[in-house]
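In what follows, a structure is listed as structure tokens, so that the remarks can point back to it.
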Amino acid sequence: MIVAVLSTFAVAALAPLLEKRLGRRAAPLLALVPAGLFVSLARHVPEVSAGGARTDALGWIAELGVSLSFRLDGLSLLMALVVTGVGAVVLLYAGSYMEGHPRRGNLLGYLLAFLAAMLGLVLSDNLVGLFVFWEATSLLSYVLIGFEREKAEVRASALQALLVTGGGGLALLAGFVLLGQAGGSLEIGALAANAEAVKASPLYLPALLLVLLGAFTKSAQVPFHFWLPDAMAAPAPVSTFLHSATMVKAGVFLLARLHPTLGGTPEWTGIVTTVGAATMLTGALLAVGQRDLKRLLAYSTVSALGSLVMLVGVGTPAALAAAMVLLLAHALYKGALFLVAGIVDHETGTRDVASLGGLFRALPVTAVAAAAAAFSMAGLPPLLGFVSKELLYDAALRASPAPLLLVPVAVGSNMLLVAVALSVGWGPFTGRAGETPKAPHEAPAAMWAGPLLLGLGSLAAGLFSGAISPFVSSAAAAALGAPHALTLELWHGFNLVLAKSLATLVVGVALFAARGRIRSLAGSLAPLAAFGPGRLYRAGLAGLVRLAKGTAALLSSGSLRQDLRIVLAATVALAAPLLLTRAVLGAPDALRSVRPLEAVLALLVVAGAVATLLAGSRLAAVVALGVTGFGVALLFLVFGAPDLAMTQFAVETLSVLLFVAVLRRLPRLQSRSAPRARVVDALLAGAVGAVMTGLVLAVHAEPLRSSLAPFFRESSLALAKGRNVVNVILVDFRGLDTLGEITVLGVAALGVWSLVRLRIASRGAGANGGRS
Amino acid sequence: MALPFPLSDLLVILPELILSELALGILLWAAVVKRERERALAWASLASLAIAAALLPVAASFAGELPRSAFGGMIALDGFSLFFKALTLLAAAVTILFSLRFVGTSPYPGGEYYALLLLTTVGMMFMASGTHLVSIYVALELMALSQYVLAGYFKQETKSVEAAAKYFVLGAFSSGVLLYGLSLVYGATGTLSLGGVSAALEAAPRSTLLMVGVVLVACGMLFKVASAPFHVWAPDVYEGAPTPVSAFFAVGPKLAAYAIFARIFFDGFGPRSDDWAPVLAASAALTMVVGNVGALMQTNVKRLLGYSSIGHAGYALLGLLAYRAGGAAGQPEAFGLWAILFYLTAYLLMTFGAFGLVVLLEAKGYATESVDDFNGLWKRNPLAAGAMVVFLLSLAGIPPTAGFVGKYLLFSAALKAGWPALVVLGVLMSAVSLFYYFRIVRAMYLVDGEGEVRWREEPAVAVAVGLCFAGTLAFGVLPQPLIALAKSCLLP
């Protein structure tokens with residue numbers, strides 16, 4: 001299985017080259033890859049139907065139990081067959097649909113790569129591996145939806161699809177990590193075996209919510225459904241593949257896959273069933289008002305996805321079995337209808353159902369395929385759609401929590417969907433011929449073969465539904481986590497379910513007859529659509545941009561002053577809370593022992609600092625700063641450290657002189673900054689000063705544990721025969737350091753001297769352009 | 001006169017000693033070499049790095065059993081330091097490959113440039129080995145001082161000089177804060193060796209002074225790894241400095257800073273992790289938000305990568321927070337630590353890769369480097385565009401790249417250590433990062449027309465980028481060997 005997935009990726013990479021070499025023959029050839037996979041997968045059907053499963057694994061990050069392990073059971077085989085089967089049809093179709101397009105080879109390659117990713121997704125038995133393929137499908141869907149990249153709205157809808165599904169995917173990863181934490185493993189099989197521990201864990205609810213977020217975004221559930229209709233900007237084969245048969249089913253697949261681990265709790269049933277039912281109804285309601293063929297189909301897909309999610313949410317054996325049948329039936333009929341919509345668009349140049357009609361004459365084969373698919377969607381016997389609808393009603397009736405709520409929702413939605421099905425698969429082909437931009441001709445065989453095959457598949461699966469029962473049962477069993485046997489039948493006798501089916505059909509046909517009026521009604525309600533979740537998405541995007549601009553301006557203005565403010569404020573904010581208590585408690589003690597002379601000197605220091613700030617010229621500021629320095633030196637003197645004081649005097653004098661020498665060359669002080677900025681600076685400076693004061697007080701209160709001071713005090717006379725400890729340290733204990741410092745000073749002086757000479761020389765060179 | 005340390009201690013720092021000598025030799029050579037023969041200096045610098053790298057195992061074998069402490073506990077040689085030394089040597093080598101044409105065509109002499117780069121590397125290597133607050137600080141300053149000069153190397157370019165000035169002012173301030181913190185720690189514990197500090201912390205009661213010291217040290221360290229709110233210098237410096245230097249700054253010094261960050265906080269302040277962990281957690285959260293949200297609006301690629309590297313600093317902080325995760329009582333397994341080692345290696349590869357393509361994009365020293373310059377790159381150079389996609393995917397943390405594995409390891413470690421909120425924030429911010437990384441992809445593949453800046457083929461850069469590309473993919477597909485190596489290189 002691993003080999004199959006990886007080699008499909010490799011073939012995908014070669015597809016553009018192959019197309020360049022072979023032209024139109026490339027697509028049928030490439031379609032053989034999924035077709036071959038389909039056949040080789042189909043060989044496992046008897047074994048899997050009997051309850052068997054195959055596994056395959058490759059280690060990746062062994063430390064954390066992450067591996068690329070695959071599992072082929074009923075559920076994954078069902079999905080894999082849908083993926084490869086529809087994939088083969090779509091590739092064949094795409095080669096013809098994109099005839100003459102300069103980047104046809106690329107499209108074929110992307111489609112094949114997507115197929116491989118999707119196959120990896122459904123076969124994965126490890127959560128991280130599954131996530132990897134999940135994100136790969138999101139990324140590839142971006143490329144595929146945005147294939148006609150010249151149009152801005154195409155790019156926008158591609159980005160929207162990526163952000164919604166890719167973002168949901170990251171939530172999914174977070175959920176998976178929590179799940180791994182709760183269940184002690186990342187293998188899906190092991191997690192299912194440990195389901196009780198997972199459900200009891202405190203991480204269960206956050207993990208569940210994150211996983212659901214991922215699944216709901218991918219499967220276009222309310223309120224994330226808006227990306228799917230917008231994604232109809234994609235070419236028809238892409239919509240068929242991604243938006244009916246495979247990618248949007250990934251969320252449903254994941255829910256079914258994790259049902260044994262996460263399902264069955266009140267939280268699961270409540271959330272999943274509600275969201276699914278809401279989506280089913282919303283999709284159906286929004287669908288009937290559409291005029292565009294593909295948007296009709298997109299909204300009806302949203303509705304079908306809602307039914308699937310609802311069924312998985314209900315989680316009874318009957319519901320899961322119904323979900324599996326609906327999944328298969330939907331892939332067959334919706335895939336066919338999307339392909340038909342593509343043909344109609346291709347041949348007539350329009351997708352507006354109001355202007356389409358009487359196409360049966362021009363497109364007879366397509367019309368047959370369309371009718372078969374539409375009848376299956378409408379739930380007419382003996383097609384598979386009928387079987388699945390019966391099962392859906394049956395499951396809704398028997399749902400334990402709220403059949404009274406689910407049944408009307410299911411029946412109502414399906415009534416609407418009948419009208420949609422007829423609008424797509426019946427309306428355009430019957431009645432009077434409409435005005436179309438192009439005169440229609442029957443499409444090439446490569447294009448109608450696909451829908452016909454899928455339409456016939458609906459019929460065959462419906463007629464021989466008994467034969468596929470064991471296989472569908474095994475898929476339901478995998479989702480259930482327990483063996484389950486189900487027999488599909490076309491005829492259940494006269495009962496409540498059949499009555500509902502009949503009512504659905506009758507009301508649906510009536511709605512179809514009144515489609516013109518419904519559409520004009522929907523048209524008048526169209527402005528309301530602006531208030532949907534799509535608006536929220538756009539507002540969120542704009543908000544993010546604003547936030548980014550704001551933070552960028554605040555946190556990196558490019559101004560050194562602002563940068564320093566931030567750094568200072570952060571340091572103060574971190575240190576101040578720690579100091580607050582200590583400084584307040586320590587202050588009175590420290591103040592009691594202050595002598596008058598010290599107070600005067602301290603005031604001198606403060607006065608110097610204030611004068612520096614108020615000085616009108618640089619020179620005055622430097623002198624005032626010098627006062628501060630000398631004041632500190634005097635304090636040293638008072639505290640009995642004459643050597644330190646002398647050093648301070650020397651340093652202070654030197655720095656004042658240097659300052660004066662440098663500042664002499666600078667321009668006069670210019671305008672001051674705005675008063676508000678100065679207030680901010682003053683507050684910040686005050687805060688820094690307060691923190692430093694607090695620190696000094698804290699240091700004062702703390703017993704210092706230095707081993708160096710006593711050592712030097714004791715050893716300076718004994719070892720170095722000197723009484724002045726500072727001098728002894730400088731010339732004896734740290735003699736080598738002093739030598740080093742002198743050397744550095746010497747080298748620096750040499751450097752200064754050579755710079756000065758260079759300066760003089762370049763002045764001599766003058767206007768000749770010498771570098772200085 | 002008897003030396004205060006055994007002579008064999010010199011062998012422990014043999015690579016650093018030889019590299020310092022060679023750097024000085026190159027500086028002297030630069031004084032006499034002709035301008036057009038300067039490329040020889042670059043090759044000599046590369047050779048010096050190779051020699052230093054070759055001497056690493058020699059030093060390790062002479063040192064005997066690791067970890068080996070030398071110079072009275074100032075320096076230690078262990079797997080951890082060897083790992084970081086190898087990474088910093090690699091970072092310097094890649095930077096030289098990036099700089100060949102860049103320095104060659106600039107109006108500034110190259111000798112000092114290469115010598116400064118080598119001296120920065122010496123500083124970083126000593127940082128990786130420092131086990132004493134003073135030796136760590138001195139090594140840090142050796143690195144930082146060389147960095148200030150490198151940032152302003154294009155001394156006639158306003159942007160470069162501005163970057164250097166800002167970097168110097170803010171860097172000097174943060175060094176001051178760091179030093180102040182170190183002195184407070186010394187005052188409270190009476191020792192500067194990390195082992196001693198740790199022992200004193202274990203024994204001593206909580207004291208305000210010590211906590212302020214630890215917090216100030218944390219402030220200084222957060223500045224060096226460009227974490228919010230001490231990150232303010234990073235975008236400006238990355239934008240203003242010459243591109244190879246920006247690439248170097250985004251990787252090399254950060255790696256070394258993480259090395260000492262980990263050592264000071266685990267080996268030194270480990271017993272007081274309850275005190276400093278909230279500070280780090282707050283900074284990690286803020287850093288992830290600021291870096292990723294700040295990158296959204298950038299139009300300059302270097303600035304964008306600067307912000308993205310801030311975001312990555314936030315992810316790496318998660319590893320620091322989780323350093324003891326996963327071990328049984330008394331038996332620290334240090335999950336977070338080896339996750340960081342893996343992540344930083346991945347970060348080196350992908351960041352250098354992305355910056356390398358920006359280097360190729362520059363027509364001369366100061367092009368606009370706007371995202372639009374990548375327009376239509378797919379048509380002009382499909383290989384480069386493909387490589388860039390892989391680097392960006394890796395930066396965003398999407399499989400099958402090393403960036404994904406690294407991020408996955410970090411997040412798992414943080415989760416295990418009990419920081420679920422931070423992990424959720426990290427995942428959310430990764431989603432945000434997709435926006436801006438994707439803007440470059442969009443420019444390369446989806447925007448018609450070509451960028452105005454000429455694309456330069458440069459074999460040396462291509463080799464370096466190819467290396468990064470291979471590493472990014474290889475460690476993404478087969479992470480096991482690197483994980484095993486990282487695990488064997490943990491702090492004792």
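All chains are named by letter (A, B, ...) in the order of the sequence lines, taking the proteins before the strands, and each is independently numbered beginning at 1.
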Task: Residues in residues 167-175 of chain B near chain A [non-hydrogen atoms, under 4.5 Å] - done: B:V169, B:L170, B:F173

Open item on the list: With rounding to the nearest 0.5 angstrom, report the CG to CG distance, A:L170 to B:L434.
Closed with: 6.0 Å

Task: Proximity breakdown for B:I483 and chain A, heavy-atom pairs closer than 4.5 Å - done: side chain

Task: Pairwise distance OH(B:Y408) to CZ(A:F176) - rounded to 0.5 angstrom - done: 10.0 Å

- [ ] Please list, in residue-number order, every residue in residues 134-148 of chain A that has a heavy atom less than 4.5 Å from any heavy atom of chain B; write 'none' if there are none.
- [x] A:L139, A:Y142

Task: Side chain proximity check, B:F230 to A:T571, heavy atoms < 4.5 angstrom - done: yes

Open item on the list: Out of B:L222, B:N292, B:L296, return the one with the most heavy atom pairs under 4.5 angstrom to chain A.
Closed with: B:L296

- [ ] Measure B:F404 against the heavy atoms of chain A and call it side chain, backbone, both or neither at under 4.5 Å.
- [x] side chain

TODO: Starting at CG of A:L162, measure out to CZ of B:F438 and round the result to the nearest 0.5 Å.
DONE: 5.0 Å

Open item on the list: Just checking A:R561: does its CZ atom have more than 12 heavy atoms from other residues, nucleotides or ligands closer to it than 6.0 angstrom?
Closed with: yes

- [ ] Using a cut-off of under 4.5 Å on heavy-atom pairs, state which of B:L393, B:V477, B:V432, B:V177 scores highest against chain A.
- [x] B:V477

Task: Largest heavy-atom contact set with chain A, pairs under 4.5 Å, which of B:G476, B:G397, B:A431 - done: B:G476

- [ ] Apply side-chain hydrogen bond (donor to acceptor under 3.5 Å, both in side chains) to B:E162 and list each qualifying residue two or more places apart in sequence or on a separate chain.
- [x] B:K166

Task: Derivation and outcome, side chain to side chain contact (heavy atoms under 4.5 Å, CB included), residues B:V279 and A:L574 - done: CA-CA 8 Å; B:V279 176; A:L574 285 173; 4.0 Å; yes

- [ ] Under the salt bridge (charged side-chain N to carboxylate O under 4.0 Å, His left out) rule, collect the residues that match up with B:R439, sequence neighbours excluded.
- [x] none

Open item on the list: Does any backbone or side-chain atom of A:L68 lie under 4.5 Å from a heavy atom of chain B? Answer side chain, backbone, both or neither.
Closed with: neither

Task: Interchain contact, B:L184 with chain A, by part (heavy-atom threshold 4.5 Å) - done: side chain

Open item on the list: Using 0.5 Å steps for rounding, measure from the CG atom of A:L578 to the CG atom of B:D275.
Closed with: 8.0 Å

Task: Minimal non-hydrogen separation, A:Q181 against B:K416, with atom names - done: NE2-CA, 3.9 Å

Open item on the list: Using heavy-atom distances under 4.5 Å, tell me whether B:V423 contacts chain A through its side chain, its backbone, both, or neither.
Closed with: neither

- [ ] Could you tell me the separation between the CG atom of A:L560 and the CG atom of B:D236, rounded to the nearest 0.5 Å?
- [x] 9.0 Å

